[in-house]
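In what follows, a single structure is set out as structure tokens and then discussed.
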Amino acid sequence: MTIDQQLEFLRRGTTEIINEDDLAAKLKLGRPLRVKLGVDPTAADVTLGWAVVLRKLRDFQKLGHIACLVIGDFTAMIGDPSGKSKTRKQLSREEVQANVDAVSQQFFKILDPERTEINFNKDWLGKMTFEDVIRLCSRYTVARIMERDDFTKRFQEHKPIAMHEILYPLCQGMDSVELRADVELGGNDQKFNNLVGRVLMEQYGQEPQVVLLCPLLVGTDGKEKMSQSLGNYVSITDSPRDMFGKTMSIPDERISNWFELCTDVPMTEVAEMLGPGKNPRDAKIRLAKEIVSLYHSAELADEEEQYFIETFSKRTQVTEAEEATIPGDLVQEGGIPLASLIGALGLAPSNGKARDLIKQGAVALDGEKVSDPFAKFAPPDLAGKILKVGKHQFRKLNFNN
RNA sequence: GGGGAGUUGCCCGAGUGGCCAAUGGGAACAGACUGUAAAUCUGUCGGCGAACGCCUUCGCAGGUUCGAAUCCUGCACUCCCCA
């Protein structure tokens with residue numbers, strides 16, 4: 001590949017590269033570049049949103065470069081400033097390692113382990129003395145820190161900003177210095193932090209890193225950015241069924257964006273699928289299949305398409321579902337109250353809510369709506385039946401005496 | 001250091017002694033309609049209980065009162081102005 005082709009390849013699915021000339025120059029060096037990506041050690045699941053950046057990192061690996069992951073076990077104490085100014089407790093290396101181990105398995109569904117380096121920023125940030133910290137702080141000004149729109153906004157709204165929070169960008173910048181990063185990848189919200197890295201690297205006599213930003217994937221709600229805490233996410237470890245279903249629930253306006261960021265389907269093809277006279281639903285099915293194929297397999301993707309069409313489009317009675325055993329201690333004279341069963345199986349947060357759901361007509365047994373919130377059933381009458389709660393929760397009941 | 005304002009349910013926010021489990025909005029959930037889309041309409045939205053009801057919740061801890069989210073005291077935290 002020529003340098004131009006490489007640039008073209010890397011540019012796909014990014015919002016900004018600061019700056020392209022520097023990147024071209026670095027690519028010309030002909031050596032493997034060190035491409036940094038910061039990782040929060042508390043995260044449990046890799047979401048499709050996170051995968052956007054990981055996939056870009058993989059693109060660099062494909063060109064022969066090295067992925068330098070920085071596990072923010074030190075910076076986790078601060079947490080990326082978001083209005084919660086609590087200092088979190090420091091995680092022990094063992095705790096961090098356990099998280100990292102769990103998450104790396106997911107990483108390597110995307111990344112090439114041979115070209116991945118894992119670092120922990122506690123190794124250098126944790127060793128800085130107070131004097132080092134003061135010297136570091138002297139290299140940056142309050143005004144520049146306050147440029148961060150998050151800080152600006154909170155300041156204007158009279159919301160608290162704790163002192164340690166403003167150290168966060170500096171910490172991340174020090175990571176780049178320590179790793180001698182050539183490139184730093186990040187989501188669009190990381191722009192400020194990553195740029196601080198550029199400034200600090202120059203201050204420490206290094207060539208500034210190139211910053212490459214990826215757009216944030218909007219979650220399944222179509223509004224907020226995808227995140228675990230908002231519950232609008234698809235995890236790359238989700239079952240094929242969930243992955244397919246969640247993808248089908250995104251608003252139409254997001255289809256194109258999801259194709260661009262989550263799949264390798266050429267955008268010209270996507271434009272075609274969404275063209276005039278086409279049903280966006282079909283494009284969405286294709287999208288769901290692409291995603292399932294990527295993290296599971298094409299076969300499973302086909303199966304899920306069938307299941308989806310049968311169950312939700314044609315509304316055919318479901319015959320197979322996750323098995324659930326009826327807890328024996330629910331059995332009482334006159335049968336098991338259905339609401340209690342729903343609560344006990346975790347299909348509703350409480351029995352009261354379960355009753356509400358029944359009243360609202362959200363509960364069915366083998367396709368037959370149950371509308372009496374106090375309905376009771378004898379276990380043998382329940383065994384083998386499919387319990388449906390809400391739009392998409394199904395359980396096949398069984399009972400052991 | 002001085003003066004002032006504030007802390008309510010997932011979020012925002014009303015409530016200043018009983019009619020408050022606490023108005024309203026948003027979010028969320030369910031139903032109808034559909035393409036598990038959007039829009040719209042309807043309903044639910046602290047826990048337990050079949051129900052009268054009971055329990056827990058309005059920063060934390062005490063107190064006054066027959067009765068407190070509402071009054072008093074102390075503590076914690078936040079914001080503003082002055083230095």
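Note on naming: letters A, B, ... go to the chains in the order of the sequence lines (proteins, then strands), and numbering restarts at 1 for each one.
- Atom NZ in A:Lys359 sits about 12 Å away from atom P in B:A50, given to the nearest Å.
- Figure legend: A:Arg139 and A:Tyr204 shown as a cation-pi pair, the cationic atom lying under 6.0 angstrom from the six-membered ring centre and within 45 degrees of its axis.
- Counting all heavy atoms, side chain and backbone alike, A:Leu347 lies closest to A:Gln393 at O-NE2, 3.3 Å.
- Look at the P atom in both B:A22 and B:G53: the space between them is 13 Å, to the nearest Å.
- Using atom P as the reference point in both B:C11 and B:C60, the two lie 14 Å apart (nearest Å).
- Regarding A:Phe155, its CZ atom lies at a distance of 15 Å from the P atom of B:U78, rounded to whole Å.
- The separation between A:Gln360 atom CD and B:G31 atom C1' is 7 Å, rounded to whole Å.
- For A:Asn351, counting side-chain heavy atoms from C-beta on, the closest listed nucleotide (B:A27, B:C48, B:U44) is B:C48.
- For A:Ser249, taking side-chain heavy atoms from C-beta onward, the closest of the listed nucleotides B:A30, B:G31, B:U36 is B:U36.
- Distance check on atom C1': B:C45 versus B:G25 gives 14 Å, rounded to whole Å.
- The interatomic distance linking A:Trp258 (CH2) with B:A37 (P) rounds to 14 Å, in whole Å.
- Here A:Lys376 lies out of heavy-atom contact (under 4.0 Å) with every strand.
- Here the side chain of A:Phe312 is nearest to one of B:U36, B:A32, B:A37, namely B:U36.
- Separating the P atom of B:C20 from that of B:C75 is a span of 34 Å, rounded to the nearest Å.
- Toward the 5' end of RNA chain B, the nearer of the two residues A:Asp221 and A:Asp242, judged by each one's closest nucleotide, is A:Asp221.
- Distance from the side chain of A:Pro251 is smallest to B:A38 among B:C29, B:U36, B:A38.
- Contacts of A:Asp252 with the nucleic acid, taken as non-hydrogen atoms under 4.0 Å apart, include base atoms.
- Listed pair A:Lys353 / B:G46 fails the phosphate criterion, with no side-chain N or O lying under 4.0 Å from OP1 or OP2.
- Base pairing analysis places B:A27 opposite nothing; no Watson-Crick or G-U wobble pair with both distances below 3.5 Å involves it.
- For B:U34, there is no paired base (Watson-Crick or G-U wobble, both distances below 3.5 Å).
- Picking from B:G31, B:U34, B:U78 the nucleotide with the shortest atom distance to the side chain of A:Arg315 gives B:U34.
- Figure legend: A:Lys246 and A:Tyr233 shown as a cation-pi pair, the cationic atom lying under 6.0 angstrom from the six-membered ring centre and within 45 degrees of its axis.
- Side-chain proximity of A:Lys223 to B:G43, B:A28, B:U36: nearest is B:A28.
- For the C1' atoms, the distance from B:G49 to B:C54 is 8 Å, rounded to whole Å.
- Map A:Ala362 and A:Asn279 each onto its nearest nucleotide of RNA chain B; the residue landing nearer the 5' end is A:Ala362.
- Residue-environment remark: CD (A:Glu272) stays at or below the threshold of 12 foreign heavy atoms within 6.0 Å.
- Across all strands, A:Gly361 comes closer than 4.0 Å only to sugar-phosphate atoms, never to a base (heavy-atom distances).
- Here the nucleotide nearest the side chain of A:Pro280, chosen from B:A32, B:C45, B:G35, is B:G35.
- Straight-line distance between the C1' atoms of B:G2 and B:G9: roughly 37 Å, to the nearest whole Å.
- A:Arg241 comes within 4.0 angstrom of nothing in the nucleic acid, heavy atoms only.
- Among the nucleotides B:G35, B:A51, B:C79, the one closest to any side-chain atom of A:Phe374 is B:A51.
- With rounding to whole Å, A:Gln393 atom CD is found 14 Å from B:A28 atom C1'.
- Taking side-chain N and O atoms only, A:Arg355 has no distance below 4.0 Å to OP1 or OP2 of B:U44.
- Atom pair A:Glu224:CD and B:G26:C1' shows a separation of 11 Å (rounding to whole Å applied).
- Within 6.0 Å of CD on A:Gln105 lie no more than 12 heavy atoms contributed by other residues, nucleotides or ligands.
- Note on A:His158: a side-chain N or O is less than 4.0 Å away from OP1 or OP2 of B:C80.
- Among the protein residues, A:Ile255 comes within range of no part of the nucleic acid, since none of its heavy atoms lies under 4.0 Å from any strand.
- Here the separation of B:C52 from B:U8, taken at their P atoms, is 32 Å to the nearest Å.
- Nucleotide B:A50 forms a pair with no other nucleotide shown, judged by Watson-Crick or G-U wobble geometry with both contacts under 3.5 Å.
- Here B:U78 is the nucleotide among B:U78, B:C29, B:U36 with the atom lying nearest to any side-chain atom of A:Pro160.
- Using the Watson-Crick or G-U wobble rule with both distances under 3.5 Å, B:C77 pairs with B:G6.
- Taking every side-chain heavy atom of A:Phe308 into account, B:U36 is the closest of B:G35, B:U36, B:U78.
- Pair assignment for B:C19 gives none, since no Watson-Crick or G-U wobble pairing has each distance under 3.5 Å.
- Between A:Lys388 and B:U36 there is no side-chain N or O to OP1 or OP2 distance below 4.0 Å.
- The environment of CZ in A:Arg12 is crowded: more than 12 heavy-atom neighbours from other residues, nucleotides or ligands sit within 6.0 Å.
- Distance check on atom C1': B:A69 versus B:C58 gives 4 Å, rounded to whole Å.
- Dense packing is recorded around NZ of A:Lys109, with more than 12 heavy atoms of other residues, nucleotides or ligands lying under 6.0 Å away.
- Paired with A:Arg34 under the rule side chain to side chain donor-acceptor pair (under 3.5 Å), one option of A:Glu117, A:His65, A:Glu184 passes, and it is A:Glu117.
- A:Thr311 has no side-chain polar atom (N or O) that falls below the 4.0 Å cut-off from OP1 or OP2 of B:U36.
- Geometrically, A:Arg154 does not engage A:Phe151 in a cation-pi contact, judged by NZ or CZ lying under 6.0 Å from the ring centre and within 45° of the ring axis.
- Protein atom CE of A:Met248 is 11 Å distant from nucleotide atom P of B:G35, rounded to whole Å.
- When rounded to the nearest whole Å, the span between CG of A:Leu347 and P of B:C29 equals 15 Å.
- When Watson-Crick and G-U wobble pairs are counted only if both distances are under 3.5 Å, B:C71 pairs with B:G63.
- For the pair A:Ser350 and B:C48, the criterion of a side-chain N or O lying under 4.0 Å from OP1 or OP2 is met.
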